[in-house]
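One structure below.
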Amino acid sequence: MFLRQILKLNRLNQAGKCINIVTTRNLVNHSVIVSTSLNIYHNLALEDWLFENTNLKQESVLLMWRDSPCVVIGRHQNPWVECNVPYCELFSVKVARRKSGGGAVYHDDGNVNVSFITDRSLYNRRANLQSVVDALADKWAIPLSINDREDILIYNKNKVSGTASKLSRDKSYHHFTLLCKADRIRMSSILHSNMEGVSSKATKSTPAPVGNLSDHQPNVDFDSVVHVISEAYIKDRQNLNITNVNPLDEIMFPGVTKHAEELMTWGWIYGKTPHFTIQRTFTYTASDSDESVLNVSLTVGKGRICNVELTTVHCPEIDAQYFLQLKGCIEGIVFEKDSVLKVLSDVKTKWIEGRVYEFNTSDYLDWVLWCLIESTGLYSQAGSTDSVKDVPI
């Protein structure tokens, strides 16, 4: 059994627990593990390690943790659509892609993350959620309910928990958030994307009003919630044992660091995004000419701009080769702010050297470059009054 292997490695001698809250079968031992880390990548890595390495025919694991501010998207989601990536970059808020499906969620240290890791035959999302709802109601009389989407609501109105899962042939995990005292203002800023005109087959989150458990019971905190849920999971309270662990402890979890390293890569977080297309239309008005219209279409695949289409109406007399030059330079680059800005700056330099960027064309060409920056949505924060025209190119 997994927990006994851990305790043997640490030369301890504690027995596993033998109660199951989601089935009448009494054949599986149950362990409660709580991470001491606030790093989302480390905690998700531990979850993956437990899923892959625990003998779930003999043992089920309840894993709980909390994180510093971060946004966690589902395996098949688009991070640029699901959250405000420029805000996250500016304020060092981590963006993580988990290996389960579902929608985007916000984590901070006021949020408890709960994961039931079990044999596939014991997988029961509704029963897991109900056990937590009942435990919190028994302890604090918090009025919680579960809707048809398997979200936990407070006062039958505000969402305090979103749920997702991962299933293999013989294993499963079901995990969900539980908002205790989360920063809802920051959550709103982070989960508000500034991208427009996106079309994609990526999974989209369903927005919902949120609440905290502390709205009803101000004294709830991470430790108390963990204890209450653990008591519901291990019915024999006299033998309740919660194992606190460092998720990157290579002695207890050999190979877990590789899991964390994978989850932290740009290729996993952003490169796994399903193909998407951005389509925007911009209008340029010069004092001595008709309005010019620029239609921008950007297709992004595997985290790179793979196709750019620029069509213009009533543009100044500029040789088409310079727009083809722009297209050729930007296609293939990583869909990331600094990469886009560098390429556009290089293109502008080539235009200057080619003497196309002159007094009568410079304003228009700058506007074209600004349109591309705005189309990507990589620069401005949602709700910001800053103009992309302030970006130095």
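Remember, it's a predicted structure, so these values are computed and weren't measured experimentally.
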Please list all pairs passing the side-chain hydrogen bond (donor to acceptor under 3.5 Å, both in side chains) test where one or both residues lie in residues 157-168, with sequence neighbours left out.
-> Y123-S165, R125-S165, T163-H174
Given the rule in the side-chain contact (heavy atoms from CB on, under 4.5 Å) test, do Y270 and V85 qualify, once you have shown the distances and angles that lead to the verdict?
-> CA-CA 11 Å; Y270 296 100; V85 172; 3.9 Å; yes
State, without any angle test, whether N113 and H107 hold a side-chain donor-acceptor pair at a distance under 3.5 Å.
-> yes
May I ask you to check whether N246 and T36 show a side-chain donor-acceptor distance below 3.5 Å?
-> no
What class does the angle between the rings of Y364 and Y284 fall in, given that below 30° is parallel, 30 to 60° is tilted and above 60° is perpendicular?
-> perpendicular
Is there a donor-acceptor contact under 3.5 Å linking the side chains of R280 and S297?
-> no
Check: T118/S172 side-chain N/O donor and acceptor closer than 3.5 Å = yes
So, are E331 and R304 salt-bridged, with charged N and O less than 4.0 Å apart?
-> no
S230 meets the side-chain contact (heavy atoms from CB on, under 4.5 Å) criterion, sequence neighbours left out, with V32, M64, V226, L240, I242
With sequence neighbours excluded, tell me which residues meet side-chain hydrogen bond (donor to acceptor under 3.5 Å, both in side chains) with D134.
-> Q130
Using a strict 4.0 Å threshold on nitrogen-to-oxygen distance, state whether K181 and D215 make a salt bridge.
-> no
Does NE2 in H227 sit with more than 12 non-hydrogen atoms of other residues, nucleotides or ligands closer than 6.0 Å?
-> no
Regarding E47 and H175, is there a side-chain donor-to-acceptor distance under 3.5 Å anywhere?
-> yes
Heavy-atom side-chain proximity of V160 to I142 below 4.5 angstrom = no
L326 and L369, any side-chain heavy atoms less than 4.5 Å apart = yes
To the nearest 0.5 Å, tell me how far F253 CZ sits from D48 CG.
-> 13.0 Å
Parallel, tilted or perpendicular for F282 and W367, by the 30°/60° rule?
-> perpendicular
Roughly how far, to the nearest 0.5 Å, is OH of Y379 from CD1 of I373?
-> 9.0 Å
One should read off an interatomic distance between L294 CG and T311 OG1, to the nearest 0.5 angstrom, of 7.0 Å
Classify the side-chain pair H259/Y41 by whether it contains a donor and acceptor separated by less than 3.5 Å.
-> no
Polar contact flag, side-chain donor to acceptor under 3.5 angstrom, E336-S339 = yes
Considering residues at least two apart in sequence or located in another chain, which fulfil the side-chain hydrogen bond (donor to acceptor under 3.5 Å, both in side chains) criterion with S205?
-> Q77, E82
D366 with K348: basic N within carboxylate O range, under 4.0 Å | yes
Hydrophobic cluster partners of L324 (side-chain heavy atoms under 4.5 Å) = none
Without hydrogens or angle criteria, can the side chains of T281 and N295 be said to hold a donor-acceptor pair below 3.5 Å?
-> yes
Should Y173 and L50 be marked as a side-chain contact (heavy atoms from CB on, under 4.5 Å) after you check the CA-CA gap, both sets of side-chain angles, and the distance that decides it?
-> CA-CA 10 Å; Y173 66 68; L50 292 170; over 6 Å; no
For K204, the side-chain hydrogen bond (donor to acceptor under 3.5 Å, both in side chains) test, sequence neighbours excluded, returns none
Indicate yes or no: does D346 engage K342 in a salt bridge with an N to O separation below 4.0 Å.
-> yes
When rounded to the nearest 0.5 angstrom, what is the spacing between CG in N84 and CD in E89?
-> 9.5 Å
Any chance the side chains of D119 and S121 put a donor and an acceptor closer than 3.5 Å?
-> yes
Is the NZ or CZ atom of K99 positioned over W268's six-membered ring, under 6.0 angstrom from the centre and within 45° of the axis?
-> yes
Side chains of D67 and N43: do they bring a donor and an acceptor to under 3.5 Å?
-> yes
